[in-house]
There are 2 protein chains.
Amino acid sequence: MPKKSARKPLKPKAPVVRPERARHGRNRTGHLIDVLRERIAKQEAAPGAKLGEVELSLEFGVPRTQVREAFSALEQRGLIERIPNRGAIVARLDPAHVFHIYDTREVLEGACVRLATLNVPKESWQDLLDLFTGPMQRYVEKNDFDAFLTGYAQFRQRSIEAAGNPVLAQMLDSIYEKTQVLIYRIIILPGRAQQGLREHIAVLEAMRRGDADAAEALRRENMRSAKACLRNFQKYVL
Amino acid sequence: MPKKSARKPLKPKAPVVRPERARHGRNRTGHLIDVLRERIAKQEAAPGAKLGEVELSLEFGVPRTQVREAFSALEQRGLIERIPNRGAIVARLDPAHVFHIYDTREVLEGACVRLATLNVPKESWQDLLDLFTGPMQRYVEKNDFDAFLTGYAQFRQRSIEAAGNPVLAQMLDSIYEKTQVLIYRIIILPGRAQQGLREHIAVLEAMRRGDADAAEALRRENMRSAKACLRNFQKYVL
DNA sequence: GAAAACAAGATTGGTTACAGAATTGTTGCC
DNA sequence: GGCAACAATTCTGTAACCAATCTTGTTTTC
């Protein structure tokens, strides 16, 4: 308890409490990491493409050391490969790795819908169910893949959000950023969009019923189906 | 009094040992990352402890830029937190996060034993089953936790190896390096070692029978049991 | 005597410069 | 004409340096 009485400020006192403590949340390096992640995921940087340090430092106007730190982080995530004294290249994914990814994704996506079903009232899935049984059907019929993928992203985002598990979310992100490239190739395979839609509707119906176990089982079945499709057309997409 | 004294000796030549080392395998930074990971997992660096850049660069004889790159990678993994202008500290894990980790670990460990059971001949699990029904029982009775954990690590390593899925292995590692700290606290909880041993024997028996589904279900039940134990004694271990 | 104000030290963040290695282009030889 | 050795350029890896900020210790004032 300060026994101070009637203290005179005596000075403007530079009220710089904490103006911009940490800039805008993340460090500048964090932003660079996000941009490169997105660029790799969107295939703007093809697998095997060389990532020059000076090139990126000039493009983003950041020092080369920051590019280097970003490379270190991306290497840990498995998105790039660094060869000593030869630079960094975008990681190429071999088919075996893709199948391993799908085996892992199966259980993670299953857990995601299970937790989501348990955590939120079952009525909250009605709008997504309406979306998938209505507009999404037409998107598939008209081969409007962009709209279809947008709806799919909604389902994905809502599920992760409802699951409320940041650890699970991070792992699904880690997988998603590696397979996003493939989605554009899988979706155009004959009959895949239709089957995927049917399976998603089944999952959503289970979630709408509040049946978490069924939702998990159906989601896992959906992942196995996607993997099987991928295997059937392996020579065309991988 | 600013004693603007003589400048730093500036290290005349001091040619560092010829780094012909950086050719095979990983970069020197990769090694530093591994060492720090292990140090954090083994609790040699307590949560909240400060990690000095110059301190580590001197200890390992690596340039400070490499320490920073390692920090960037470890931050991506969630093992440390970097506060602008204040350095890096070992990440502290809050209870909610631990439970999220266990929920995620449940499905991953389940998938691991399922794949392991499917991939290798069931007879290959006999030695582990003998270990768990024989010596491990005595370790528990004698409270020889070191020997117990060694056997547990064997089970873990063999399962991951047999599963043959590097993606899954990486995610389990990511989880393991965060929870290893807790294992030493859980294992000493009353009755936990006994129950964990019983559950592991049940899992191994299922694997010995070649029953992958049962092994997965039992392993998941084991994880839920561990989580429940953690919740019961939350105030003591977290 | 206590709290605020001030100053000095220490640490991190970011920039520049230099050495080593690899790729590439050139030239000479077979 | 092709191949090999060599030189030049480019790029990575490392080091040193400067600036900004936080921490700590001291002083001043009420």
Side-chain angles (χ1 to χ4, degrees), chain A residues 1-24 26-33 48-75 80-89, chain B residues 1-33 49-75 80-89:
Chain A
M1 183 75 69
K3 59 187 175 64
K4 187 66 51 184
S5 63
R7 176 166 193 76
K8 182 181 60 167
L10 175 57
K11 186 165 150 267
K13 175 61 183 313
V16 54
V17 280
R18 289 296 148 79
E20 306 277 335
R21 189 64 160 79
R23 302 273 304 175
H24 42 289
R26 318 195 51 162
N27 225 357
R28 201 129 186 88
T29 306
H31 182 244
L32 178 58
I33 292 172
K50 185 172 177 302
L51 297 175
E53 293 183 0
V54 290
E55 177 188 341
L56 291 172
S57 71
L58 290 176
E59 177 181 353
F60 291 94
V62 298
R64 206 158 60 90
T65 51
Q66 285 195 1
V67 178
R68 197 163 244 286
E69 280 192 33
F71 279 3
S72 191
L74 293 172
E75 184 188 24
I80 67 173
E81 295 176 16
R82 294 181 86 176
I83 307 169
N85 295 347
R86 289 186 58 179
I89 62 173
Chain B
M1 57 295 288
K3 58 190 181 95
K4 192 64 165 191
S5 63
R7 185 157 289 295
K8 195 188 295 184
L10 185 56
K11 188 180 288 190
K13 276 297 194 172
V16 293
V17 286
R18 178 66 61 174
E20 66 256 6
R21 179 79 260 123
R23 182 57 61 88
H24 79 83
R26 321 192 49 161
N27 225 359
R28 203 94 186 117
T29 307
H31 182 244
L32 177 58
I33 293 172
K50 182 172 173 297
L51 297 175
E53 294 181 1
V54 289
E55 177 188 341
L56 291 172
S57 70
L58 290 177
E59 177 181 352
F60 291 94
V62 298
R64 199 160 66 100
T65 51
Q66 284 197 0
V67 177
R68 296 180 71 177
E69 281 191 34
F71 279 3
S72 189
L74 292 173
E75 184 187 24
I80 66 172
E81 294 176 18
R82 296 181 84 174
I83 306 169
N85 296 88
R86 290 185 58 178
I89 61 173

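Both backbone and side-chain heavy atoms feed into the values below; hydrogens, waters and symmetry mates do not. Numbers restart at 1 for each chain; the letters A, B, ... are given by sequence-line order, proteins then strands.
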Verify the contact: side-chain N or O of B:Gln66 to OP1 or OP2 of D:dT14, cut-off strictly under 4.0 Å; return yes or no.
->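 So the side chain of B:Gln66 is within the cut-off, an N or O lying under 4.0 Å from OP1 or OP2 of D:dT14.
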Between [Y] and [X], is there a side-chain heavy-atom distance shorter than 4.5 Å?
| X | Y | value |
| --- | --- | --- |
| B:Arg68 | B:Arg82 | yes |
| A:Pro63 | A:Gln66 | yes |
| A:Ile80 | A:Ile89 | no |

What pairs with A:Glu59 under side-chain contact (heavy atoms from CB on, under 4.5 Å), at least two apart in sequence or on another chain?
->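 Per chain and number, A:Glu59 pairs via side-chain contact (heavy atoms from CB on, under 4.5 Å) with A:Arg39, A:Leu56.
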Using rotation axes that map the C1' atoms of four end pairs onto the next four (five pairs an end), what angle separates the end axes of the helix from C:dG1-D:dC30 to C:dC30-D:dG1, to 10°?
->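 About 0° separates the two local helix axes.
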From NE2 (B:His31) to CD1 (B:Ile33), nearest 0.5 Å |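 Rounded to the nearest 0.5 Å, the NE2-CD1 separation comes to 11.0 Å.
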Tell me: CD1 of A:Ile89 to C1' of C:dA22, nearest whole Å?
->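 Whole-Å distance recorded here is 15 Å.
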Round to a whole Å and report the spacing from CG of B:Leu58 to P of C:dT11.
->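 For the pair B:Leu58 CG and C:dT11 P, the rounded distance is 11 Å.
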Taking only residues two or more places apart in sequence or in another chain, which ones pass salt bridge (Lys or Arg N to Asp or Glu O under 4.0 Å) with A:Arg86?
->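 Applying salt bridge (Lys or Arg N to Asp or Glu O under 4.0 Å) to A:Arg86 gives none.
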Quick check: does any side chain N or O of A:Ser57 sit under 3.5 Å from a backbone N or O of A:Val54, one acting as donor and the other as acceptor?
->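 Indeed, once roles are kept as given, a pair shorter than 3.5 Å links the two residues.
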Can you check nucleotides 9-12 of chain D for protein contacts, nitrogen or oxygen pairs under 3.5 Å, and list what you find?
residue : atom : partner : partner atom : Å
D:dT12  : OP1  : A:Glu53 : N            : 3.4

Could I get the full list of side chain to side chain donor-acceptor pair (under 3.5 Å) partners for B:Glu53, not counting sequence neighbours?
->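 So B:Glu53 forms a side chain to side chain donor-acceptor pair (under 3.5 Å) with B:Arg64.
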